[in-house]
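Quick notes on the structure that follows.
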Amino acid sequence: MTTPETSPAFRSNSNEFWLAWTFLTRFPAPVTIDYSPEALNRAARFFPWVGLLLGLFQALVYVLANAVFGHAFFAALCSVAAVVVATGAFHEDGFSDYCDSFGGTDTAQRLTIMTDSRLGTFGVAGLVFVLCWRVAALTLLPFTLALLAIVLSAVVSRWLAISLMLSLPYAKTDGKSKPMSNSIDQGALRTAAIPLIPVVFLVNWQTLLMLAVILAVFRVGFSAQLRERLGGFTGDSLGAAQQMAEVLVYGSLLSVGG
């Protein structure tokens, strides 16, 4: 008799989720993963699901650090540091590489700069600013709102990042993100949005509307910039989108509740 846990669809979805988990974090999967290029292609729809778990992990660290140190700054610092370690600074690396691309004068040079493992001045400055913004915003947010900001931003920022693959071509001839660029469609985005459902119910409709407008404007502007400067998206630009969307969520909640 076939149970939900043993059905081919469940096994496939579970495998793709754990592929996304090992792609985005440094934590091992608790199960044996059946890797294939096709499975990795489909795994992008589970990035926000992984984001939800990372957000809950960061929120837990925030709570524990606040209990130990009794100060919002140290709670914010520890929580941001914890999630950076947990992801291997995956998104931060993409953001810093994207910042470095502003030193290029044409598309080819910008793409070359972004593949260079060395970090330049723009990358260092951008990384410092984005990390300081995250710590500062969480420090200033009230305790409960800080927890909401952590979890909400972890999910919505990753959803926004993968949504770029729906409307933009892949800018390079090869790379880690190229296979996944062919797997994002409206159905995949709907699956990716499911983790948002329990979180958005915790936000009042006025704040939710403001967030939706701000992130929509950002997505339109960032997409246009990627198309003009790079000819499409890259893995680094998706990391940059995630980081910028995260700080936009923090800033938006700070403006209404800080």
Side-chain angles (χ1 to χ4, degrees), residues 19-27 43-59 79-101 114 123 126-135 137-138 148-168 170-171 175-178 180-181 183-184 188-189 191-193 195-196 199 211-212 214-223 225-226 229-230 232-253:
L19 275 172
W21 175 259
T22 55
F23 190 80
L24 294 182
T25 79
R26 291 300 181 96
F27 296 124
R45 60 188 173 139
F46 289 108
F47 283 8
W49 295 66
V50 175
L52 176 61
L53 295 181
L54 286 171
L56 293 172
F57 166 73
Q58 185 182 349
S79 70
V80 171
V83 79
V84 168
V85 172
T87 61
F90 186 72
H91 303 300
E92 289 80 6
D93 177 68
F95 177 75
S96 60
D97 285 341
Y98 177 74
C99 290
D100 271 338
S101 74
M114 291 171 72
L127 191 57
V128 169
F129 281 127
V130 78
L131 289 173
C132 286
W133 176 266
R134 288 159 64 187
V135 172
L138 289 177
L148 176 61
I150 288 170
V151 179
L152 177 62
S153 66
V155 180
V156 73
S157 62
R158 287 169 176 83
W159 185 90
L160 185 145
I162 65 170
S163 76
L164 294 172
M165 292 191 282
L166 184 64
S167 55
L168 292 171
Y170 191 66
K176 287 183 177 181
S177 299
K178 185 179 181 180
M180 286 181 278
S181 65
S183 66
I184 292 296
L189 283 182
T191 299
L196 278 172
V199 181
L211 272 173
I214 290 173
L215 291 175
V217 170
F218 164 72
R219 188 187 182 283
V220 170
F222 192 63
S223 295
Q225 186 190 66
L226 290 181
R229 296 184 66 252
L230 302 179
F233 78 90
T234 67
D236 289 331
S237 67
L238 297 184
Q242 187 279 324
Q243 290 289 286
M244 288 187 277
E246 184 169 330
V247 300
L248 284 173
V249 172
Y250 285 3
S252 299
L253 294 181

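- Contact annotation: the side chain of F95 approaches that of M244 to within less than 4.5 Å [non-hydrogen atoms, C-beta and beyond].
- Between the CZ atom in F90 and the CD atom in Q242 there is a gap of 10.0 Å [rounded to 0.5 Å].
- Taking the six-membered ring where the residue is Trp, F27 and W21 present parallel rings, their angle staying beneath 30° rather than reaching 60°.
- Between E246 and S157, the shortest heavy-atom distance links the atoms N-CB, 3.9 Å.
- Closest heavy-atom contact between I150 and G55: CG2-O, 3.3 Å.
- Proximity of L196 to L152: side-chain heavy atoms (C-beta onward) are separated by under 4.5 Å at one or more points.
- With contacts defined as side-chain heavy-atom distances shorter than 4.5 Å, the pair H91/L24 qualifies.
- Taking 4.5 Å as the limit, some side-chain heavy atom of R134 sits within range of a side-chain heavy atom of V247.
- Using a 4.5 Å heavy-atom threshold, the side chains of V135 and C132 count as separate.
- Nearest heavy atoms, R45 versus A188: CB-O, 3.6 Å.
- Taking each heavy atom of A43 and L19 in turn, the nearest pair found is CB-CB, 4.1 Å.
- Counting heavy atoms from C-beta outward, R219 and S167 have side chains that approach closer than 4.5 Å.
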Checklist entry - How far apart are the C-alpha atoms of L148 and V199, what are their side-chain angles, what is the distance that settles it, and do they pass the side-chain contact (heavy atoms from CB on, under 4.5 Å) test? => result CA-CA 8 Å; L148 176 61; V199 181; 4.2 Å; yes
Next on the checklist: Would L189 and I162 count as a side-chain contact (heavy atoms from CB on, under 4.5 Å) here? Give the steps.
Outcome noted: CA-CA 8 Å; L189 283 182; I162 65 170; 4.0 Å; yes
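- Between V249 and A149 the shortest heavy-atom distance is CG1-O, 4.3 Å.
- Every residue two or more places apart in sequence or in another chain that forms a ring pair (Phe, Tyr, Trp, His ring centres under 6.0 Å) with F46 is listed here: W49.
- Residues that satisfy the ring pair (Phe, Tyr, Trp, His ring centres under 6.0 Å) test with F129, not counting sequence neighbours, are absent from this structure.
- Heavy atoms only, all atoms of each residue included: A137 and Y250 are closest at CB-CB, 3.8 Å.
- Atom CG in L211 sits 10.0 Å away from atom OG in S153 (nearest 0.5 Å).
- Contact check for L164 versus F222: side-chain heavy atoms found under the 4.5 Å cut-off.
- A heavy-atom distance below 4.5 Å is found between the side chains of T234 and M114.
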Using a 3.5 Å cut-off and no angle test, enumerate the donor-acceptor pairs between side-chain atoms of residues 80-87 and protein atoms at least two apart in sequence or in another chain.
unit_1: T87; atom_1: OG1; unit_2: V83; atom_2: O; d: 3.0
unit_1: T87; atom_1: OG1; unit_2: V84; atom_2: O; d: 3.3
unit_1: T87; atom_1: OG1; unit_2: A89; atom_2: N; d: 3.4

Checklist entry - Is there a side-chain contact (heavy atoms from CB on, under 4.5 Å) between L226 and Y98 once you walk through the steps? => result CA-CA 10 Å; L226 290 181; Y98 177 74; 3.7 Å; yes
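- Distance OG/S252 to CG/L248: 6.0 Å, rounded to 0.5 Å.
- One distance of note links CH2 of W133 with CG of L138; it measures 11.0 Å at 0.5 Å rounding.
- No donor-acceptor distance shorter than 3.5 angstrom exists from the side chain of T25 to the backbone of T22, with no hydrogens or angles considered.
- For the atom pair CG of L127 and CG of D93, the computed distance is 9.0 Å after rounding to the nearest 0.5 Å.
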